[in-house]
There are 2 protein chains.
Amino acid sequence: MRTKTKKLSEKIITFIIENISGDDGRSDVTEESIAAHFRVSRTPVREVLKHLEHNGIIQTRRSKGIFSKNFTREDVENIYEVRTVLEELAAKDAVKSITPQVLKELRTYARITKEARKKRDRRKSNEADRLFHETIMELSGNGYLKRIVKEIRMVTTSFIPASKLFYLNNKDRNPYSHDKIVKALATRNPEAAAWVIKNHICWIKNNILESLEKNGKRDQGKK
Amino acid sequence: MRTKTKKLSEKIITFIIENISGDDGRSDVTEESIAAHFRVSRTPVREVLKHLEHNGIIQTRRSKGIFSKNFTREDVENIYEVRTVLEELAAKDAVKSITPQVLKELRTYARITKEARKKRDRRKSNEADRLFHETIMELSGNGYLKRIVKEIRMVTTSFIPASKLFYLNNKDRNPYSHDKIVKALATRNPEAAAWVIKNHICWIKNNILESLEKNGKRDQGKK
DNA sequence: ATATATTACTATGTATGCAAAATAGCACAA
DNA sequence: TTGTGCTATTTTGCATACATAGTAATATAT
């Protein structure tokens with residue numbers, strides 16, 4: 001169980017995503033501040049930052065600090081278009097190797113997600129949601145696909161910073177639910193599974209777009 | 001025309017991909033040697049290395065140096081599976097905004113690729129091939145898709161190091177040629193375009209698998 | 001001659017220091 | 001008050017120096 005080694009960079013990533021803003025002026029998140037927070041030097045922090053910058057999650061402006069990318073409606077649509085075809089692919093591959101055990105596991109995650117959401121336990125519901133999708137990825141047997149979708153999930157997560165993270169609770173439930181995904185997978189019909197996944201993600205996308213429109217009006221004028 | 005700034009990291013990437021090997025023992029490619037070659041310090045080199053390592057192209061072993069990943073047949077299939085659905089997506093989107101001008105441009109790249117390949121001018125044919133595919137990406141209007149496919153192309157390029165790069169010349173031509181892709185795009189039928197692209201890439205994948213099998217036998221036993 | 005312990009070396013990981021760029025604050029003049 | 005130029009400050013970019021881990025080679029004992 002190797003956990004300690006990798007965890008630092010993961011922690012730094014989480015920390016950054018949760019703390020950065022896209023405002024102008026000076027950012028209170030700097031290489032120095034992150035380094036100080038984790039009691040390391042700037043060097044390892046920089047490596048994480050470069051990674052995030054490369055993935056388009058942050059942008060660093062010299063002598064100003066680190067800022068979140070202000071995603072446009074188009075950006076969100078583009079990224080979700082990519083994520084959709086990749087999760088469809090995963091679902092299609094997953095049906096080939098599905099087992100009763102895994103189906104049971106998926107149902108458990110689906111149940112936990114639903115219950116936690118009902119109780120407004122955002123952290124727990126997100127965690128179970130993540131496990132649900134990652135299990136399907138795992139099932140696809142395609143390690144590269146798994147890795148790349150994980151990256152994309154990191155981007156989409158950053159769309160909705162913690163401060164704005166209310167959208168899930170205020171909305172109706174996703175009509176293309178995890179339960180329906182499980183049912184489709186159980187039929188072992190690739191196209192059916194892909195269809196449900198596609199609609200599932202499409203619903204999430206629309207939800208995020210709505211949320212961004214509600215929250216993001218003020219960011220409009222700024223360059 | 002900002003070229004100088006970004007070029008260094010691009011050059012470093014090219015240099016690394018062209019020089020690393022997957023052998024055991026000590027590598028002659030080290031942070032130090034790369035830094036010395038480009039007359040910079042290890043710091044900027046490390047940033048590029050971390051990026052490549054993250055993309056799964058290289059692996060760095062402490063006190064041994066930098067090595068290429070030894071891709072298995074399964075890795076190649078996984079990565080090409082991902083690339084295929086993404087290029088299909090690009091083609092489907094591209095037909096929406098295709099114009100006679102772009103079709104002409106694509107035909108030009110197709111012609112140059114073909115001619116250069118006939119003359120065994122590998123560099124030129126690769127360049128034109130890249131432009132062909134990137135033009136379709138551009139046409140899709142999805143910047144994120146464009147970026148992510150570019151990354152994947154970097155990985156697939158690293159499958160076949162320069163030293164082994166003969167496969168293209170020794171084989172029959174791709175039956176799902178660039179010409180046929182252009183024709184399919186011209187019909188503005190998304191499914192048709194995606195179908196040709198899919199087969200085009202599938203042919204390349206099989207070609208690479210064959211080449212790896214011929215060249216890579218010796219890498220088998222090693223961990 | 002072979003196996004093992006010790007030592008020197010090599011290359012990465014991390015920290016620190018210095019240079020450059022861009023901003024923000026302040027003084028001063030109109 | 002408002003605009004302009006200078007200076008100090010902030011923060012990134014790059015370089016260097018030190019710490020650590022893993023390897024290879026040598027020496028020693030059996």
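In what follows, every chain begins at residue 1, and chains take the letters A, B, ... in the order their sequences are listed. Note that the coordinates shown come from a computational prediction; the quantities given were computed from them, not determined experimentally.
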Rounded to whole Å, CD1 of A:Ile20 lies from P of D:dT12 at a distance of 13 Å
I'd like to know if the side chain of A:Arg147 and the backbone of A:Asn142 have a donor-acceptor N/O pair within less than 3.5 Å. no
Could you check whether the rings of A:His200 and A:His178 sit parallel, tilted or perpendicular, using 30° and 60° as the cut-offs? tilted
Salt-bridge test for A:Glu77 and A:Lys205: reply yes if a basic N is under 4.0 Å from a carboxylate O, no otherwise. no
Measure the distance from CZ on B:Arg39 to C1' on D:dC14 and round it to the nearest whole Å. 17 Å
Quick one: B:Gln59 CD to C:dG13 P, roughly how many Å, whole number? 13 Å
Nearest to the side chain of A:Ser63, heavy atoms from C-beta on, is which of C:dA19, C:dT23, C:dT12? C:dT23
Report yes if the side chains of B:Ile204 and B:Thr156 come closer than 4.5 Å at any heavy-atom pair, otherwise no. no
I need the NZ-C1' distance between A:Lys64 and C:dA22, as an integer number of Å. 9 Å
Rounded to the nearest angstrom, tell me the gap between atom CD1 in A:Ile34 and atom C1' in D:dT10. 15 Å
For D:dA15 and B:Ser41 - does any side-chain N or O of the residue sit under 4.0 Å from the phosphate oxygens OP1/OP2? yes
Ion pair check, A:Lys50 and A:Glu47, cut-off under 4.0 Å: no
Among D:dA15, C:dT12, D:dT11, find the nucleotide with the atom closest to the side chain of A:Arg26. D:dT11
Atom CZ of A:Phe38 and atom C1' of C:dG13 are separated, to the nearest Å, by 18 Å
Please tell me which of the listed nucleotides, D:dT12, C:dT12, D:dT23, lies nearest to the side chain of A:Ile66? D:dT12
C:dT23 P sits how many Å from A:Phe67 CZ, rounded? 10 Å
Parallel, tilted or perpendicular: which one describes the rings of A:Phe159 and A:Tyr80, with boundaries at 30° and 60°? tilted
Pull out every residue in residues 42-52 of chain A that has a heavy atom closer than 4.0 Å to any atom of DNA chain D, ordered by number, or say none. A:Arg42, A:Arg46
How many whole angstroms separate atom CG of A:Asp28 from atom P of C:dA24? 14 Å
Salt-bridge present (A:Lys198, A:Glu88; N to O < 4.0 Å): no
Looking at D:dT11, D:dA19, D:dG13, which one has an atom nearest to any side-chain atom of B:Arg62? D:dA19
